[in-house]
Chemist: 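Just passing along the structure, written as structure tokens.
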Amino acid sequence: MNTSERLVESLERLGVERIFGYPGGRVIELFDLLPESDIDLVRPRDEREASVMAEMHGRLTGEPGVLAGQGPWIGSLGLIGQMEARLASSPMVVITEASERGNYSTLAPYQQSRGDYGGLELPKILDAVTKEHWFPRTSTETVRSLQLAFKHAVAGRPGPTAVILDGDAVTKPYPDESVPPVWDDEAQTRTWTAAPTARDLAAAAEALDAAERPVIVSGNGVHASGAYDELAAVAEAYEAAVVTSYLGKSTFPETHRLAGGVIGSFGHEGANRLVSEADALLVVGCRMNPMDTNWQAPDFIRPDEQTIIHADIDPRNAGWVYPADVGLVGDASESLRELAAAGGADNDWAEDRAREARESFHAPECESDAAPILPQRAVKEIENVVDEDTIVTADSGNNRFWLLNYLQTPAVRTYFGSGGVGGMGWATPAAVSAALATDKRVVGVAGDGGFAMTMTSVETAVEHGVAPTFVVLNDTSLGMVRQMQRGPDDIAGVEFHDTDFARVAEAFGATGARVETPDELGDALADAKTHSLPTVIDARIDRSQDMAATLQSSFYASVGGLHE
């Protein structure tokens, strides 16, 4: 066999069921072999959508999502999903190539990405985004590099890795024997779970036992580890209130008696208050980015007054933003399992304060029958169709913050949002990927700006026979930026032509509905559950509802309300 055949064999041995990508360059050598393999190809309309689909696959399943495509486009359009994967800790393997043309590589090269004079340098581009990347030049190095890419994508903090195929190596015969040898694929990609030391666990348990007002901040690391049961066990063992970061939403059911909501500059006021009142904070799998910490508002988290226990898979992250009293370095499931076993504390504070904090999930606007639809009410209509067997994907922009605040998730793994790098256009391809990877109902929510960026993913859903519901919260503008204006037309480029997305959906072979009242939205959502085709609901919302003014936390306001 040649090298490309051996690479496809490795992918099959490693359990890859589908590749997200676009044919071009030397990856055609692999795509040529896929029809005879057990691997399906999901080819959306461009590499941007493919990269988001691969990222979401990794985030949802814990197994690396595989992105494949031609070098210049994987290093440009395809960077969106890779950036999200890096910051959202999603395992992902990128297979690309340098579009090499042999002896022409140094002669005014066309699409050349090897880095020779006159060409692009794909390795430098990928080095800025991926955890690790390889540019092998021989057949055996190529196979070993793919194995290592799968290993490093999941080892420690998950993330994206990449292999850049060499034009000659991928077409050469693969040797039966080599020095050094190429080991078995499964054996070479095996990883082990890290766990914190007994001394650090004892110190953490002692601090939580002594706390009168313990609060857990649950981050995306709990999703990455699948440590949902362990998180609930720790909350019960220490009678601790649980709040989440933006990326950590749905790591803990927000209907639970100890749930307090989402922290951050546009999170729940109740959740932020819980954190500020705590005497002990257990931060799990959360890097505590500026939005999580209300831009380090001085009255929010106070290391001099609060005991901080920071559990993270990466030793660099524990105590990264705030000084920690105890660091638990290891997989979240291991840290939480041992903490739960050591706990047995009680208090009269957490349940009552969590109940009060959950009041932030509701506002009078959530009951409004106004038309156009208030975004708060739109979210409640979406909430009505979300159960433990539903996944919501949320885009960037105003829609994400309306969802964070008013969608009260009933179970774990029911909400995933664009919050790593936070790019627009994420929710729609992510919804398609979730529908492909699971048998759950999927609802993708985006503003009209974000939906339009990647709406061709609807066609991909039609092509592959999955039926997500796409809700477009349509205010015919780039809403978040428009609301930053000091006056009309103060910022250029915020208004959009009024597009009828329901008709767009029908052109793609999906079902479309345009709705202008809450009842129409509720009916459309219920009707979408009965369709075998994807449904796009173009929901006309009240553009006068100012997200930042409505949802800005008091802690965020105290540092001047810096806007992202």
Side-chain angles (χ1 to χ4, degrees), residues 17-20 40-46 49-50 52-61 65 250 378-379 381-395 399 403 407 409-411 413-418 425-448 450-474 499-515 520-539:
E17 296 180 0
R18 61 182 60 89
I19 289 175
F20 303 90
D40 293 328
L41 173 65
V42 179
R43 187 231 64 241
R45 286 293 185 154
D46 69 20
E49 294 177 7
V52 171
M53 291 178 185
E55 186 271 324
M56 181 57 175
H57 180 92
R59 192 190 300 204
L60 193 59
T61 67
S250 88
V379 172
E381 292 299 329
I382 295 169
E383 182 183 276
N384 288 338
V385 299
V386 175
D387 58 21
E388 62 183 12
D389 291 318
T390 303
I391 293 172
V392 174
T393 63
D395 215 64
N399 67 92
L403 285 164
L407 176 66
T409 58
R413 292 171 58 80
T414 51
Y415 176 98
F416 295 90
S418 169
W426 182 88
T428 303
V432 177
S433 183
L436 288 167
T438 71
D439 57 0
K440 294 181 181 290
R441 249 182 62 75
V442 182
V443 180
V445 184
D448 50 306
F451 181 76
M453 287 180 173
T454 53
M455 62 187 177
T456 49
S457 294
V458 176
E459 184 194 48
T460 307
V462 172
E463 183 179 350
H464 287 270
V466 292
T469 300
F470 304 98
V471 180
V472 186
L473 299 182
N474 192 345
T499 301
D500 187 338
F501 293 109
R503 293 181 64 188
V504 170
E506 291 168 359
F508 285 139
T511 300
R514 175 169 171 158
V515 301
E520 289 175 348
L521 175 56
D523 290 343
L525 285 163
D527 191 45
K529 296 173 71 172
T530 68
H531 290 169
S532 59
L533 290 172
T535 299
V536 175
I537 302 173
D538 186 346

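In this chain, numbering begins with 1 at the start of the sequence shown.
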Chemist: How close do Leu533 and Gly509 get, heavy atom to heavy atom, and via which atoms?
Modeler: CD1-O, 3.6 Å
Chemist: At their closest point, which heavy atom of Pro534 faces which heavy atom of Val466, and how far apart are they?
Modeler: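 Looking at all heavy atoms of both residues, the closest pair is CG-O, 3.3 Å.
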Chemist: Would you call the rings of Phe451 and Phe470 parallel, tilted or perpendicular, where under 30° means parallel and over 60° means perpendicular?
Modeler: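 Geometry flag for Phe470 against Phe451: tilted rings.
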Chemist: How close do Glu49 and Pro429 get, counting heavy atoms only, and between which atoms?
Modeler: O-CB, 3.8 Å
Chemist: Hey, does Met56 have a side-chain heavy atom less than 4.5 Å from the side chain of Trp426?
Modeler: yes
Chemist: Consider side-chain contact (heavy atoms from CB on, under 4.5 Å). Of Asp389, Ile391, Val392, Val385, which one does Arg441 pass it with?
Modeler: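 For Arg441, the side-chain contact (heavy atoms from CB on, under 4.5 Å) test succeeds with only one of Asp389, Ile391, Val392, Val385, which is Val385.
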Chemist: Can you list everything that forms a ring pair (Phe, Tyr, Trp, His ring centres under 6.0 Å) with Phe508? Sequence neighbours excluded, please.
Modeler: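 Phe508: no ring pair (Phe, Tyr, Trp, His ring centres under 6.0 Å) contacts found.
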Chemist: For side chain to side chain contact (heavy atoms under 4.5 Å, CB included), just list the numbers for Leu473 and Val445, CA-CA rounded to whole Å, side-chain angles, deciding distance to a tenth of an Å, and then say yes or no.
Modeler: CA-CA 7 Å; Leu473 299 182; Val445 184; 4.0 Å; yes
Chemist: Heavy atoms, side chains only, cut-off 4.5 Å: are Met53 and Ser457 in contact?
Modeler: yes
Chemist: Taking C-beta and beyond as the side chain, do Thr499 and Asp448 meet within less than 4.5 Å on heavy atoms?
Modeler: no
Chemist: Do Thr390 and Thr414 come within less than 4.5 Å of each other through their side chains, counting heavy atoms only?
Modeler: no
Chemist: Assess whether atom CZ of Arg514 is packed by more than 12 heavy atoms of other residues, nucleotides or ligands within 6.0 Å.
Modeler: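 Yes - once you tally the heavy atoms of other residues, nucleotides and ligands closer than 6.0 Å, there are more than 12.
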Chemist: Near Glu17 CD, under 6.0 Å, is it more than 12 heavy atoms from other residues, nucleotides or ligands?
Modeler: no
Chemist: Would you say Phe20 and Val432 make side-chain contact, with heavy atoms under 4.5 Å?
Modeler: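 The answer is no; the side chains never approach within 4.5 Å.
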Chemist: Nearest 0.5 angstrom please: Ile537 CD1 to Thr469 OG1, how far?
Modeler: 5.5 Å
Chemist: Side chain to side chain contact (heavy atoms under 4.5 Å, CB included) between Val458 and Val536: does it pass, once the steps are laid out?
Modeler: CA-CA 8 Å; Val458 176; Val536 175; 4.0 Å; yes
Chemist: Does Asp538 use its side chain to pair, donor to acceptor, with the backbone of Phe501 at less than 3.5 Å?
Modeler: yes
Chemist: Are side-chain heavy atoms of Leu436 and Val42 found at a separation under 4.5 Å?
Modeler: yes
Chemist: Tell me, with the steps shown, if Thr438 and Leu60 meet side chain to side chain contact (heavy atoms under 4.5 Å, CB included).
Modeler: CA-CA 9 Å; Thr438 71; Leu60 193 59; 3.5 Å; yes
Chemist: Could you check whether any side-chain heavy atom of Thr456 comes within less than 4.5 Å of a side-chain heavy atom of Pro44, counting everything from C-beta outward?
Modeler: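 SC-SC contact between Thr456 and Pro44 ruled out.
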Chemist: For a 4.5 angstrom cut-off between non-hydrogen side-chain atoms, does His57 reach Ser433?
Modeler: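 A side-chain contact exists here, since the closest heavy-atom pair is under 4.5 Å.
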Chemist: Stepwise, does the side chain to side chain contact (heavy atoms under 4.5 Å, CB included) test hold for Asp523 with Glu520?
Modeler: CA-CA 5 Å; Asp523 290 343; Glu520 289 175 348; 5.8 Å; no
Chemist: Output all residues satisfying ring pair (Phe, Tyr, Trp, His ring centres under 6.0 Å) with Tyr415, sequence neighbours left out; order by chain, then residue number.
Modeler: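 Not a single residue meets the ring pair (Phe, Tyr, Trp, His ring centres under 6.0 Å) criterion with Tyr415.
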